[in-house]
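Here the structure is a predicted model, which means the values were calculated and not measured. All heavy atoms count here, side chains included; hydrogens, waters and symmetry mates do not.
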Amino acid sequence: QVQLVESGGGLVQPGGSLRLSCLASGTIFSINTMGWYRQAPGKQRELVADITSDGHTNYADSIQDRFNIFRDNAKKTVSLQMNSLKPEDTAVYFCQAVITTAQFRRTVNWGQGTQVTVSS
């Protein structure tokens, strides 16, 4: 099976920065779209940013150029650089990846999530 493991979450003051990373492992043949979602208490999970296999990116309007998504195909990772963080960015952040396995099964995979808290 495929596993996604996130890292980099934590507590940061408003205006600070964090970098989230996600590592994919398992019987992977290829990785298609990778992205980051987040879910705050009482709110629906929402897309933050994603990136296709050929490098096209998409960002939520609420990000307003504060975040950057990038991937390393050799390492099988996707990262989210978060700058100028605001309290409203507080949420659990989830890694997502569309992956074709070594058995040629196309799967949508989710990580367990990592907590990001922006507070003084």
Pick out which of Leu20, Val92, Leu18 makes a side chain to side chain contact (heavy atoms under 4.5 Å, CB included) with Thr114. Leu20
For Phe94, is the NZ or CZ atom of Arg45 found under 6.0 angstrom from the centre of its six-membered ring and inside 45 degrees of the ring axis? yes
Work out which heavy atom in Leu4 is nearest to a heavy atom in Ala97; give both atom names and the distance. CD1-N, 3.8 Å
Evaluate the criterion side-chain hydrogen bond (donor to acceptor under 3.5 Å, both in side chains) for residue pair Asp54 and His56; output intermediate values, then yes/no. CA-CA 6 Å; Asp54 58 353; His56 290 87; 3.1 Å; yes
In terms of hydrophobic clustering (I, L, V, M, F, W, Y; side-chain heavy atoms under 4.5 Å; direct or indirect links), are Val2 and Leu23 co-clustered? no
Heavy atoms from other residues, nucleotides or ligands near NZ of Lys75 exceed 12 (cutoff 6.0 Å): no
Residue pair Ser21 / Ser79, side-chain donor-acceptor N/O under 3.5 Å: yes
What's the spacing between Asp50 CG and Leu80 CG if we round to 0.5 Å? 11.0 Å
Mind checking whether Val98 and Leu47 sit in one hydrophobic cluster, side chains of I, L, V, M, F, W, Y counted as touching below 4.5 Å? yes
Does the separation of the ring centres of Phe67 and Trp36 fall below 6.0 angstrom? no
Given the rule in the side-chain contact (heavy atoms from CB on, under 4.5 Å) test, do Leu11 and Ser119 qualify, once you have shown the distances and angles that lead to the verdict? CA-CA 7 Å; Leu11 175 65; Ser119 176; 4.3 Å; yes
If you compare all heavy atoms of Ser53 against all heavy atoms of Asn73, which two are closest, and at what distance to 0.1 Å? O-ND2, 4.5 Å
Evaluate Gln3 against Ser25 for side-chain hydrogen bond (donor to acceptor under 3.5 Å, both in side chains), listing each step before the verdict. CA-CA 5 Å; Gln3 301 87 37; Ser25 62; 3.2 Å; yes
Nearest heavy-atom contact between Ala91 and Ala40 is CB-N, 3.9 Å
Which value, rounded to the nearest 0.5 Å, describes the distance between Asn68 atom CG and Asn83 atom CG? 7.0 Å
Would you please indicate yes or no on a ring centroid separation below 6.0 angstrom for Tyr93 and Tyr37? no
Between the side chain of Tyr59 and the main-chain N/O of Arg66, is any donor-acceptor distance below 3.5 Å? no
Under a 3.5 Å distance rule, please check whether Glu6 uses its side chain to pair with a backbone N or O of Gly113 as donor and acceptor. yes
Any donor-acceptor N/O pair, Thr101 side chain to Arg105 backbone, under 3.5 Å: yes
Distance from Ile51 atom CD1 to Ile69 atom CD1, nearest 0.5 Å? 6.0 Å
Considering all heavy atoms, the nearest Cys95-Val78 contact: SG-CG1, 3.8 Å
Determine, step by step, whether Ser17 and Gln81 satisfy the side-chain contact (heavy atoms from CB on, under 4.5 Å) criterion, reporting the C-alpha distance in whole Å, the side-chain angles of both residues, the deciding distance to 0.1 Å, and the verdict. CA-CA 7 Å; Ser17 298; Gln81 178 66 46; 3.9 Å; yes
Measure the spacing between CE of Met82 and CG of Asp89 and express it to the nearest 0.5 Å. 7.5 Å
More than 12 non-hydrogen atoms from neighbouring residues, nucleotides or ligands closer than 6.0 Å to CZ on Phe29, yes or no? no
Should Ile28 and Met34 be counted in the same cluster of Ile, Leu, Val, Met, Phe, Trp and Tyr side chains packed under 4.5 Å apart? yes
Spell out, as yes or no, whether a donor-acceptor pair under 3.5 Å connects the side chain of Thr107 to the backbone of Ile99. yes
Report the C-alpha distance between Thr90 and Gln115 in whole Å, list the side-chain angles of each, state the deciding distance to 0.1 Å, and finish with yes or no for side-chain contact (heavy atoms from CB on, under 4.5 Å). CA-CA 8 Å; Thr90 296; Gln115 177 71 48; 4.0 Å; yes
More than 12 heavy atoms of other residues, nucleotides or ligands under 6.0 Å from CD of Gln103: yes or no? yes
Tell me the closest heavy-atom pair linking Arg38 and Ser62, and the distance in Å. NH2-OG, 3.5 Å
Val108/Arg106 under side-chain contact (heavy atoms from CB on, under 4.5 Å): CA gap, chis, key distance, verdict: CA-CA 7 Å; Val108 179; Arg106 297 176 183 177; over 6 Å; no
